[in-house]
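In what follows, every chain begins at residue 1, and chains take the letters A, B, ... in the order their sequences are listed.
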Amino acid sequence: MIPIEFRAISDALSSEEGERIAIRGWVYRKREFKDKIFLVIRDSSGIIQCLARKDNQKAFEEARKATIESSVEVEGCIKKDPRAPGGCELKVDELKIVGLAAPFPITKSAVDASSDFLLDVRHLWIRSRRMTAILKVRDTVFRSIHDFFRSRGFYEVQAPMFVTAAVEGGASLFKVDYFGRRDVYLTQSSQFYLEVLIYSLERVYTIAPSFRAEKSRTRRHLTEFWHAEAEAAWMDLNELMRLEEDLICHIVSTVLSERAEELGLLGRNVKALELVEPPFPRLAYDEAIEILQEKGFDIQWGDDLGSDEERALTMDFEKPVFIYGYPEKCKAFYHKPDPSRPEITLSADLLAPEGYGEIIGGGERIENLDVLLDKIKKFGLDPKDYEWYLDLRRYGTVPHSGFGLGTDRLVMWICGLQHIREAVPFPRDIRKVYP
RNA sequence: GCCGGGGUAGCUCAGCCAGGUGGAGCGCCCGGCUGUUAACCGGGUGGUCGUGGGUUCGAAUCCCACCCCCGGCGCCA
């Protein structure tokens, strides 16, 4: 129908007055009058108002038929007009409906209520400007993670999703039917496989799903989440924390420079993000307990930090904050004891500010076979389940460290979202597996 | 696993305490409107009141059982 080349709407908006252009996209808003119809058309790049006048009867008639979310091709001339959103509109010469949309089920009331209904129609809600903005930020976050690790000499690797042993312990594993074989599960973490791979590549990372069958009902838990994990030979806890803060700063600054428009659309307070620069505050677990006791929390040394406690600690800082040196019993068995204080581990969590909480957990791993065996037994686990993991300590073991970043939580914090489900295109939690 | 809240029109909700012919806004359809910005104005359309049972002359409303959903905690990323 239309002889000239289609252009992105963002491109059309910056065209010269009077320029003849063609666009294609979906009807985002429609306002109908006696002698004119305004169609706001969206594509992946933006929105533009199109004006169909009655004197062009054919185009007017097509515009009249076009429903919200119908896909259309439009050709016309660019006109600067202060009355148009963005100060620029397209005067329609030709309009073709490609796919006429049935009445769109998502209404303003559902959007305003951020209702559960939007999750049931996520396959349609995904095209909203809000979800589009979040997905663009998410894209930038994932890409900047890859860029960062490559710039630091890390190799990207892939670990299996079907596994036979737990990383953290058995309670939160999804069991799968693997040709009738017993004890096959979906992975909770790629960490152990990354620990294998450092013996050939030394510095490795992966971005992959992790699965946790925890019956968590909170705004920061999913049963399937995207886990960015890294492991490095010879690295100690201080080097690890520097690496983590550099990673977070790189991601945040990339999003700030490339996704300012999307953050604005999401209503994110970017000033809070602009403060995210190294170094991050480092708080020893011991200090954290003292601070919490001063704040009136009923907490003793040795207790794990709950979400109220974490929130109270991050309140005092504008940047993400490290909590390091957790007691042995608060952390998984593979965390290395501090040689000078065996009751604590060389571990560190990174807590995001503004109440978002834990986004990274990591630390030094036990490299000594006997220490690891003792720890496994102490935690009530069976060394038989960890044979190949133990082998790594038998054949040229090295000190090493690693961490896991919850990318969905990171996107949630960077975008300022109320719920982690908003940060994922198709979230899976304890109930939702559709669409 | 523990604690709390809810299920009424396509969507968001009121009605329930105190039983008496099921409502509003949005959507959709029709009409109006000289440029709208989540348009606006008038009219119309639209319901096994989560499911099953009980009490009652009469149940969305009271009672019992069950199903489903939401939030918080714990666990973690």
Side-chain angles (χ1 to χ4, degrees), chain A residues 28-40 47-55 67-69 79 81-87 89 91 101-121 124-125 128-129 167-173 188-191 207-229 244 303-311 326 330-332 349-352 356-362 403-413 418-421 423-424 429-432:
Chain A
Y28 176 64
R29 295 273 187 273
K30 180 182 182 182
R31 296 175 200 104
E32 201 169 351
F33 293 85
K34 195 175 191 176
D35 62 339
K36 60 178 76 71
I37 297 169
F38 295 102
L39 293 179
V40 179
I47 59 171
I48 188 171
Q49 175 165 288
C50 301
L51 173 59
R53 288 187 173 282
K54 200 164 193 173
D55 49 23
T67 48
I68 298 292
E69 287 304 320
K79 184 173 183 287
D81 192 315
R83 295 171 296 185
E89 69 186 9
K91 294 172 73 179
F104 204 60
I106 298 174
T107 58
K108 171 180 150 27
S109 50
V111 175
D112 287 352
S114 292
S115 70
D116 190 47
F117 173 70
L118 295 179
L119 284 169
D120 295 332
V121 291
L124 301 175
W125 177 236
S128 64
R129 298 200 80 206
V167 172
E168 315 269 353
S172 60
L173 285 163
Q188 298 171 294
S189 164
S190 300
Q191 179 192 322
I207 306 181
S210 285
F211 305 89
R212 305 262 168 106
E214 296 155 351
K215 291 186 175 175
S216 303
R217 299 191 54 88
T218 79
R219 65 185 62 188
R220 60 190 185 286
H221 283 88
L222 296 168
T223 51
E224 174 186 310
F225 67 96
W226 282 81
H227 212 170
E229 293 177 276
E244 291 176 18
D303 293 342
D304 207 355
L305 305 178
S307 62
D308 282 350
E309 286 84 7
E310 287 187 353
R311 203 167 297 118
Y326 284 85
C330 296
K331 287 287 164 191
D349 287 353
L350 183 65
L351 310 182
Y356 282 91
E358 184 174 354
I359 52 173
I360 289 180
F403 68 90
L405 163 68
T407 59
D408 316 288
R409 286 186 180 176
L410 180 64
V411 170
M412 181 188 176
W413 165 53
Q418 288 305 301
H419 203 295
I420 196 167
R421 288 192 298 227
V424 187
D429 65 21
I430 182 170
R431 303 211 193 277
K432 281 276 183 279

Between the protein and nucleotides 1-5 of chain B, are there any N/O to N/O pairs under 3.5 Å, and if so, what are the atom names and distances?
unit_1	atom_1	unit_2	atom_2	d
B/G1	OP1	A/K215	NZ	3.1
B/G1	O6	A/K215	O	3.1

Identify each atom pair where a protein N or O and an N or O of nucleotides 11-13 of chain B are less than 3.5 Å apart, giving names and distance.
unit_1	atom_1	unit_2	atom_2	d
B/C11	O2'	A/T107	OG1	3.4
B/C11	O2'	A/S109	OG	3.4
B/C11	O2'	A/A110	N	3.1
B/C11	O2	A/S109	OG	2.7
B/U12	OP1	A/S115	OG	3.4

C1' spacing across the pair B/U56 / B/G20, given as an integer number of angstrom: 12 Å
Integer angstrom distance from the C1' of B/C30 to that of B/C66: 45 Å
Protein-nucleotide distance (A/I37, atom CD1; B/C33, atom P), rounded to Å: 14 Å
Sequence-aligned protein contact record of nucleotides 41-51 of chain B, with B where the base is within under 4.0 Å of a protein heavy atom and S where only the sugar-phosphate is: -----------
Rounded distance in Å between the C1' positions of B/A24 and B/U8: 13 Å
First of A/K432 and A/L350 reached from the 5' end of RNA chain B, by closest nucleotide: A/K432
side-chain N/O A/S307 vs B/G74 OP1/OP2, d < 4.0 Å: yes
Set of side chain to side chain donor-acceptor pair (under 3.5 Å) partners for A/D120, sequence neighbours left out: A/K432
Touch class at under 4.0 angstrom, heavy-atom based, for A/G306 against every strand present: sugar-phosphate
Sugar-phosphate only, base, or nothing, as touched by A/L222 at under 4.0 Å among non-hydrogen atoms: base
C1'-based separation of B/U55 from B/A14 [nearest Å]: 27 Å
Touch class at under 4.0 angstrom, heavy-atom based, for A/E224 against every strand present: nothing
A/I420 vs A/D81, nearer the 5' end of RNA chain B by closest nucleotide: A/D81
Sugar-phosphate, base or nothing in reach of A/R129, heavy atoms under 4.0 Å: nothing
Spacing between A/D120 atom CG and B/C69 atom P, to the nearest angstrom: 10 Å
A/H221 side-chain N/O to B/G72 phosphate OP1/OP2 under 4.0 Å: no
Touch class at under 4.0 angstrom, heavy-atom based, for A/I106 against every strand present: nothing
Heavy-atom pair of closest approach, residues A/G361 and A/E358: CA-OE2, 4.0 Å
Any-strand Watson-Crick or G-U partner of B/C62, both distances under 3.5 Å: B/G54
OP1 or OP2 of B/C73 under 4.0 Å from side-chain N/O of A/R311: yes
Touch class at under 4.0 angstrom, heavy-atom based, for A/A84 against every strand present: base
By side chain to side chain donor-acceptor pair (under 3.5 Å) - contacts of A/R217 (at least two apart): none
Residues forming a ring pair (Phe, Tyr, Trp, His ring centres under 6.0 Å) with A/Y326, sequence neighbours excluded: A/Y285
Sugar-phosphate, base or nothing in reach of A/D112, heavy atoms under 4.0 Å: base
Between side-chain atoms of residues 219-226 of chain A and protein atoms elsewhere (two or more places apart, or another chain), which donor-acceptor pairs fall under 3.5 Å?
unit_1	atom_1	unit_2	atom_2	d
A/H221	ND1	A/T218	OG1	2.6
A/T223	OG1	A/R428	O	3.1

Residues which pass side chain to side chain donor-acceptor pair (under 3.5 Å) with A/K331, listed by chain and number, not counting sequence neighbours: A/D349
Any A/R431 side-chain N or O less than 4.0 Å from OP1/OP2 of B/C69: yes
Phosphate contact (B/G72 OP1 or OP2) by A/R219 side-chain N/O below 4.0 Å: yes
Pairwise C1' distance, B/G72 and B/C40 [rounded to whole Å]: 42 Å
Nucleotide B/C28, atom P - distance to CZ of A/F104 in whole Å: 12 Å
A/Q418 and A/S114 side chains, donor-acceptor separation under 3.5 Å: no
A/I68 CD1 - B/U36 C1' separation (whole Å): 13 Å
A/D35: partners by side-chain contact (heavy atoms from CB on, under 4.5 Å), with sequence neighbours left out: A/F33, A/K54
For B/C76, the Watson-Crick or wobble partner whose two distances fall under 3.5 Å: none
Which residues share a salt bridge (charged side-chain N to carboxylate O under 4.0 Å, His left out) with A/E69, sequence neighbours left out: A/R42, A/R127
Rounded distance (Å) that lies between atom C1' of B/G31 and atom NZ of A/K34: 11 Å
Whole angstrom value for the distance that separates P of B/A77 from NE2 of A/H227: 6 Å
B/G4 - base-pair partner by Watson-Crick or wobble geometry, distances under 3.5 Å: B/C70
N-O pairing of A/R53 and A/D55 below 4.0 Å: no
Whole-Å distance separating the CZ atom of A/R212 from the C1' atom of B/G74: 15 Å
Paired nucleotide for B/C29 [Watson-Crick or G-U wobble; both distances under 3.5 Å]: B/G43
Main-chain N/O of A/E229 paired to A/H227 side chain as donor or acceptor, under 3.5 Å: no
Touch class at under 4.0 angstrom, heavy-atom based, for A/D408 against every strand present: nothing
B/C13 versus B/G7 - spacing of their C1' atoms, nearest Å: 12 Å
Counterpart residues, side chain to side chain donor-acceptor pair (under 3.5 Å), relative to A/S128 (two or more places apart): none
Interatomic distance, A/R220 CZ vs B/G74 C1' [rounded to whole Å]: 10 Å
Ring pair (Phe, Tyr, Trp, His ring centres under 6.0 Å) involving A/F211 - partner list, sequence neighbours excluded: none
B/G35 pairs with, by Watson-Crick or G-U criteria that keep both distances under 3.5 Å: none
Check: B/U36 base within 3.5 Å donor-acceptor of A/Q49 side chain: yes
